[in-house]
Every structure is written in structure tokens, then in C-alpha cells.
Amino acid sequence: MKPVRTLWISFIASAALLCLGQSTAIGQKLQYPQTKKVDHVDTYFGVKVPDPYRWLEDDNSAETAQWVGAENKVTFGYLEKIPYRQQVKQRLENLYNYPKYTAPFHRGDNYFFYKNDGLQNQSVLYFQKGFDGTPEVLIDPNKLSADGTARLGAFSLTNDGKLAVVGISRSGSDWQDYFVMEIATKKYFPDTLRWIKVSGAAWLGNGFFYSRYDAPEKGKELSSKNVNQKVYFHTVGTQQSADELIYEDSANPERFNSVSTTRDQRFAFLSISERGKGKEGNALFYRDLSKGEKSFQPIVSEIGEFNFGVIDNIDNKLLIRTNKNAPNGKVILVDPKDLEEKNWKDVLPEKSEPLQGTGTAGGKLIATYLKDVSSRAYVYNLNGKLENEIKLPALGIAGGFGGEKDDKFVFYTFTSFTFPPTIYRYDLATKKSTVFRLPGISNFIPSDYVTKQVFYKSKDGTKVPMFIVHKKESDASVRVWRIQYFNDAGIQSSPACVVGARIRLRFSQYAWWRRIRREVAQSGDKSQEAKRL
């Protein structure tokens, strides 16, 4: 298997070349391999559905491998005849080769963040003692496999930041193996937990909750159906076979069951969601751990169309984000002593803009909303009273803002079409943001480009927000119509800085202009913008 980075660059390069549409390879006749058909029919609710290609679902068979090889031969035979393919790929690699960081997070005195030097297959996890400490490599997944496909999945810290659950997946598999690490020494305990999928790790005292499946049949680890997910509690220093079964529902084997805990470990929550039955929401149950409760009590007892996610607890009450009776999302306060829905209190009522993200830190509730495809961030007290808006650097997307109850500041990441992902530190007392870390992209000057937001009224009267991006000295009319073309196709693009977009700004103008001119002429549009084309 190719390294992840190489696959990604190859895909982007191929996509860019296809968009340009100027290759001498375009006119070549493609001879696809013959794909055999089999006589296979499934019956669903009395309806017979032919599936002549069912044999291809056996991804371990020699016949399937032969077919994939033949398809790849056609694909790469085509791509390799494009004369400037390597030039575009090299240009993309150069653009993508810059250090990438995540915003830091902390437990106790330890701060953690992920960094990719530029072209590493997997980002490396660093930690440091204190905010001004010297960063050290904690986990480098690139050293876990020769082909770069081992991945760091779960990473869940104890409240004091001394221990962590570390989840590792290999060769692109969804399965994770869980281990327990001591942060100070970087050494692992003997604990090894297997057959974990669609799970986190929620600490409680000297152990943690996690979700797993029964071990699959040998040889079918990657192809067997996963059913009957169970929740267990693992005590550090013991064998997986000794783990305590916390919850299972054998009557509903296709459900996902997961347990989380609040930071103060006052409450544990069981969230249950369905797959395959068309239900988008989840059920939610709780335990008050301070009372030693051993059974889960329902907050929302049945899975329906609505989502419920616990943000935090305020003493003995729960802040919950939901879309029930609020398609754009809202935040409610629920008292476990009085769970009737009529007593749920709206802390952040639904707004006309979608609720994008929520987090708590330093006794504040911070929420981001998506207004005209661009983030707006606000600080509230825990009762939902607005205190101030966080002024963002430009029109773009912001995320983060979470922290601990005693934090004085939080971090967030901001990006836009021509604004590379930049990490900011927001001071809760002074209400000011300062740059914490710049991405350090070479040969790219954001101020050379202009991003404007305009609105276009569609046929049904809907105002469609659009972004116009161009170099300062360029004629922006082509980009206006290009972006409108994408919106007419039903695609909404958030303003994020993507390496592929940077090369398209340079190379794609002519091909798209010809296509858009043809489509505008066919549409009969008589507007001034259309006449300019």
C-alpha cells in the first residue's frame, strides 16, 4: 500500500489535471477490462434486486485482486500519458510541504498538540510541561509501520494528565487496539485491549469505559459484519478478560453504544444510536456517580430523529445540545431530578443561523454559528446571557474554543480561502485574540489575493451566498461565474484554505471560462454579469 501522503497528493494532482482538461491524453480511446456478471438476486421486502457484481465484494479473493489490477492498469496508463502530470504533482507537493499544527489542549500541567512537518504520512503528538515548556515527541505513528499506515486514533487523558488511553489502528483498518501510557516516562502498561471500533475512552478513577465487539472469526477480521457492540469498564493494570460488562442490548445488535463522563466524573452518560433503520437521532441515559448509582436512568429513552449531546455539567445540572424542535440547534439545561421535557430550560434558544459548535471554559459558554457560510463566535455566561462577540480576523471558519473550568484563555483555529489555518489564543478576561501560531507557508502571500462575499437570488427567491476569490490585479468576473456554477450544482463550500484551491487559482481560469461562457449563453441570462462574459 502506498503511503497516505503519496495517495493524497496523487489524487489531488489527478483531479486538478482533469479539471484543466487540456491534456493530449484526453482523446485517447480507453479499453476497459471486461467485468463478469453472476446470477445473484437478493429479495428485499418482497422485491427482487439483481446484484450481478456481488463477487467483487470478496476483497480477499484472487479474482477481485486481478480485476483491480486490470482497472489500475487502465487508469494509470491514461494518467501517465498526461505530459505535465508530474509538474502539477510536484507543485502540489511544494505547496503542501509546510508545518501544520493543531491547537494545544491540556490536562493538569501538561500541554499537548499535533504537528506534521509537512509531508509526513501521520501527524506526530507532542507534549510539554507547562505552557512555556519545551515540546517533546510523545507518540510518532510514522515509526509504527514501514508503509506509514499505522494511525493514532483514540487519545484520552486522565484529569491530571498523567495517564492516557492510546488507540492504534493499522493498514487503514477501523479496528483499534487500546493501550495505557504513563505520560512522564512514555512507557506503556501491560494492558492490551482489542476489537474496539466506534468507541472513545472515558476515564473514571483508575479505569475507563470503552465499547468493543466480540472477536471476529479468524481470517474474517476485515470482512465480517460487526454486531452487538458492548460497553465495558477496564481497570488499569488488569487483563481485558477481567473487564466488567457495563451494557449490552442483544435484542438490537446493530446499535452503537458508548459511554462518556463529565470532567469532574460526577456523571456518566450512555448514548445509543441506530444504524440501518433510518433514525438520525440518539437515546441518552445517565448515572449520578457521586451517589454510587449502578444503573442508567433515561433522559431520552427512545431513539428518534433528534440528537442529544452533553456539553458539560453545571454542578448537578446538565448542559445539552439538541436539535429537537430546533432544526438549527440549541442548548438546553436539564435537571436530572426533574426530567420532564416541559421543564427543560433553553439556555441558547434556536437562532436563524445554524449552531456550529459549543464548548465551555473558565466558567463561560462559547458558541459558534454559521452565518452565510462563515463563522460567528459568541461568549455567554452559563445561564445563556450574551457577554460579547469574539471578533474573527475575516470571513471564514473558526473552531475550537473549548477548555477546562479554571482556564483563563482558550485556543481556536481560523481559516478562509486565502487565510491559511492560524491558531489564536483568546483571553477570556480581556476579550482579545492574539496570534499563537502561524502556519509558515512559503511562497504564498495572502495579501496578494482578495476574497469578497456577494449574494445571488436564485429562481425561488433564496439568497445564495458566494465568495469571489482572485488576485488583486485580476478581473474577478470569471471567478464570480465559476463559483456560481458550483452553487447551481448544489455544492456549498465553506471558506477554507485548501492547497488544491491555490493551484486552481493559477491554472484553471481559461478552461472554466470557456465552459461557463457556453452554459451562460445557453441559459438565456440577460444580466450585466452575463453580458460581461
Asp42/Arg54 salt bridge by N-O under 4.0 Å criterion: yes
Go through the structure and list residues passing side chain to side chain contact (heavy atoms under 4.5 Å, CB included) with Asn313, not counting sequence neighbours. Thr262, Asp264, Arg266, Phe267, Leu318, Lys405
Are Ile168 and Gln176 side-chain neighbours, meaning at least one heavy-atom pair lies under 4.5 Å? no
So do Ile332 and Val347 actually touch side chain to side chain, heavy atoms under 4.5 Å? no
Please say whether more than 12 non-hydrogen atoms of neighbouring residues, nucleotides or ligands are located less than 6.0 Å from NZ in Lys186. yes
Ion pair present between Lys129 and Glu136, side-chain N to carboxylate O less than 4.0 angstrom? no
Side-chain H-bond candidate by donor/acceptor type, Gln356 with Ser375, under 3.5 Å: yes
Just by distance, no angles: are the side chains of Asn282 and Ser273 close enough, under 3.5 Å, to form a donor-acceptor pair? no
Would you say that more than 12 heavy atoms from the other residues, nucleotides or ligands in this model lie under 6.0 Å from the CG of Asp51, or not? yes
Would you tell me whether Thr235 and Thr238 have side-chain atoms, one donor and one acceptor, within less than 3.5 Å of each other? no
Pairing of Arg85 and Glu80 as salt bridge, 4.0 angstrom limit: no
Could you tell me whether a side-chain N or O of Lys291 sits under 3.5 Å from a main-chain N or O of Arg287, the two making a donor and an acceptor? no
Are Phe233 and Leu204 packed together at the side-chain level, in the sense that at least one heavy-atom pair is separated by less than 4.5 angstrom? yes
Sequence-distant partners of Asp214, salt bridge (charged side-chain N to carboxylate O under 4.0 Å, His left out), two or more places apart: Lys230
Can you confirm whether more than 12 heavy atoms, excluding those of Gln34, are under 6.0 Å from its CD atom? no
Within the 3.5 Å criterion, strictly below it, is a donor on Asp243 or His234 matched to an acceptor on the partner's side chain? yes
Classify the side-chain pair Trp175/Ser169 by whether it contains a donor and acceptor separated by less than 3.5 Å. no
Short question: side chain of Asp407, backbone of Gly403 - any donor-acceptor pair under 3.5 Å? no
State whether Tyr44 and Lys48 meet the cation-pi test: NZ (Lys) or CZ (Arg) under 6.0 Å from the six-membered ring centroid, and within 45° of the perpendicular axis. no
Glu305 and Lys324: CA distance, side-chain angles, deciding distance, salt bridge (charged side-chain N to carboxylate O under 4.0 Å, His left out) verdict: CA-CA 8 Å; Glu305 300 302 319; Lys324 184 167 188 181; over 6 Å; no
Heavy-atom side-chain proximity of Pro216 to Trp195 below 4.5 angstrom: yes
Short side-chain donor-acceptor distance under 3.5 Å, Asn94 and Asn97: no
Check against salt bridge (charged side-chain N to carboxylate O under 4.0 Å, His left out), Lys162 and Glu182: CA-CA 6 Å; Lys162 293 181 178 181; Glu182 183 179 51; over 6 Å; no
Check this for me, if you would: do Glu254 and Lys277 make a salt bridge, where the nitrogen-to-carboxylate-oxygen distance has to be below 4.0 angstrom? no
Got Thr422 and Thr413 here, is their nearest side-chain heavy-atom distance under 4.5 Å? no
Do Gln240 and Tyr210 have side-chain N/O donor and acceptor atoms under 3.5 Å apart? yes
Criterion side chain to side chain contact (heavy atoms under 4.5 Å, CB included) on Arg255 and Ile303, from CA distance to verdict: CA-CA 10 Å; Arg255 290 185 171 180; Ile303 300 172; 3.6 Å; yes
Cation-pi between Arg437 and Phe113: NZ/CZ under 6.0 Å from ring centre and within 45° of the ring axis? yes
Would you check if Val41 and Val49 make a side-chain contact, meaning some heavy-atom pair closer than 4.5 Å? no
Hey, are Ser250 and Glu248 close enough side-chain-wise for a donor-acceptor pair under 3.5 Å? no
Regarding Lys187 and the six-membered ring of Phe189, is the cationic atom NZ or CZ under 6.0 Å from the ring centre and inside 45° of its axis? no
Could you tell me if Arg321 sits above the aromatic ring of Phe308, with its cationic atom closer than 6.0 Å to the ring centre and no more than 45 degrees from the axis? no
Which of these passes side-chain contact (heavy atoms from CB on, under 4.5 Å) with Leu138: Leu152, Val124, Leu125? Leu125
I'd like to know whether CD of Gln66 has more than 12 heavy-atom contacts from other residues, nucleotides or ligands below 6.0 angstrom. no
